[in-house]
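A short write-up of the structure that comes next.
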Amino acid sequence: MSITLALIGFIVTHGAIVLSRPTVFKQITMLEESNSTLLRYPTQFTQNIVPKQIHSHNDYWRDVPLLTALSFGVASVEADVWFINDTLFVGHELAALTPARTFDSLYVQPLLAILALQNPINAFTANQTSPNGVFDTSSGTPLQLLVDMKTDGDSTLPPVLAALQPLRRLNYLTTFINNTLITSAITVVGTGNTPLQGIKSLSPRDVFFDAPLASLNSDPSTVYNSTLSPIASTDYGVAIGWDGIGDISETQAGEVERLVADAHARGIKARFWDTPGWPVQARHAVWEVLAEKGADWLNADDLEAASRF
Ligand SMILES: *[C@@H]1O[C@H](CO)[C@@H](O)[C@H](O)[C@H]1NC(C)=O
Ligand SMILES: *[C@@H]1O[C@H](CO)[C@@H](O)[C@H](O)[C@H]1NC(C)=O
Ligand SMILES: *[C@@H]1O[C@H](CO)[C@@H](O)[C@H](O)[C@H]1NC(C)=O
Ligand SMILES: *[C@@H]1O[C@H](CO)[C@@H](O)[C@H](O)[C@H]1NC(C)=O
Ligand SMILES: *[C@@H]1O[C@H](CO)[C@@H](O)[C@H](O)[C@H]1NC(C)=O
């Protein structure tokens with residue numbers, strides 16, 4: 001019996017009589033084993049993965065950079081880049097660099113491939129104007145790509161902008177243009193040595209600036225808002241310091257609230273990095289307080305633990 005017939009037969013039978021669960025399971029198994037086209041759709045690469053507001057700290061440490069994070073639904077990844085010999089290498093320190101591990105090979109090319117799968121070109125998509133993001137369950141959720149510039153900012157920004165060209169060309173980058181913020185599949189944010197002036201003067205702007213969460217007001221010549229900084233970050237240990245054991249003090253809790261409120265008032269999402277990693281109970285206690293007080297991104301080294309949190 002052909003599979004289409006099996007499926008139709010199943011539906012008809014299903015409508016006519018109450019099937020027993022074993023019979024239904026048998027039908028499901030048959031269909032699954034058949035490799036039926038009825039069970040396949042084009043944008044299956046991230047099927048069933050629900051995106052989460054988790055930031056994959058030092059993403060290139062994972063078994064497979066980018067893909068491991070995506071498999072957990074992590075919606076923000078961070079790559080440290082070094083501009084050496086006209087090439088952007090990715091790694092935490094010089095000793096971790098290899099000729100093969102570049103920003104292009106680990107991030108740009110895989111993203112192009114994934115987004116090509118999520119954006120099939122056919123009669124059904126002919127009129128679609130904004131591209132789908134990497135998450136099949138939530139195609140409007142952008143992936144945030146934090147680019148932590150490790151080498152001099154002014155000389156590293158131009159090659160980063162150039163490396164993004166294949167993504168830019170296909171309108172995959174969130175862009176601030178003509179006074180309008182157009183959200184797309186990937187929001188690139190510079191951090192580390194990223195030069196603030198260099199980002200401010202981009203027009204159109206498709207690389208944004210990771211704002212200093214603890215000092216958003218300190219520089220009168222810079223207005224941090226969502227058109228410059230979709231995210232603001234600070235070192236949790238320095239800004240708050242509670243180790244997750246015992247109770248957080250009122251002053252510390254108040255400081256989390258104040259920083260989050262300041263960011264939110266500007267349309268900016270807040271992230272605390274360097275939160276305690278261990279003991280696990282302390283890690284979770286800190287995550288819980290941050291989430292409860294409105295911090296938007298959960299900074300994580302252990303993606304599996306964070307995705308279950
Ligand atoms: C399922 O069918 C597709 C398309 O016909 C084919 O490319 C693929 O190899 C098949 N997979 C299996 C496991 O038979
Ligand atoms: C950079 O280029 C120089 C000259 O070609 C070469 O000697 C050196 O090994 C290169 N360094 C790296 C890290 O590739
Ligand atoms: C796309 O737009 C054209 C022209 O308006 C229309 O004829 C066609 O049905 C649309 N296709 C889809 C899939 O909506
Ligand atoms: C921005 O404005 C220019 C000049 O008015 C116009 O040509 C261009 O299409 C606009 N771009 C977008 C994305 O709105
Ligand atoms: C963001 O700040 C700039 C000044 O740097 C200002 O021109 C712009 O209107 C602000 N936009 C929003 C949405 O607050």
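Given the structure is predicted, the values throughout are model-derived calculations rather than measurements. Every number for a ligand or one of its atoms is a count from 1 in the order of the listing.
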What is the nearest protein non-hydrogen atom to [atom], stated with its residue, atom name and distance?
| atom | answer |
| --- | --- |
| atom 1 (C) of ligand 2 | Asn85 ND2, 1.5 Å |
| atom 13 (C) of ligand 2 | Ile84 CG2, 4.1 Å |
| atom 14 (O) of ligand 5 | Asn225 ND2, 3.0 Å |
| atom 3 (C) of ligand 3 | Asn127 ND2, 3.7 Å |

As a quick check of understanding, evaluate side-chain hydrogen bond (donor to acceptor under 3.5 Å, both in side chains) for Arg271 and Asn299, giving each step before the final call. CA-CA 7 Å; Arg271 173 179 73 115; Asn299 206 65; 2.9 Å; yes
Close-contact set for ligand 3 against Ala123 heavy atoms, below 4.0 Å: 13 (C)
Look only at the side chain of [X] and the backbone of [Y], and say whether a donor-acceptor pair between them is shorter than 3.5 Å.
| X | Y | answer |
| --- | --- | --- |
| Thr68 | Pro65 | no |
| Arg205 | Thr227 | yes |
| Asn132 | Asn119 | no |

If you define the side chain from C-beta out and look only at heavy atoms, does anything of Trp297 sit under 4.5 Å from Phe272? no
Quiz question: by atom type and distance under 3.5 Å, do the side chains of His92 and Asp80 form a donor-acceptor pair? yes
Counting heavy atoms under 4.0 Å, the part of Ala126 that contacts ligand 3 is neither
Contact bool for atom 5 (O) of ligand 2 (protein heavy atom, d < 4.0 Å):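 It does not: no protein heavy atom is found less than 4.0 Å away from atom 5 (O) of ligand 2.
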Under-4.0 Å heavy-atom contact between protein and atom 11 (N) of ligand 2: yes
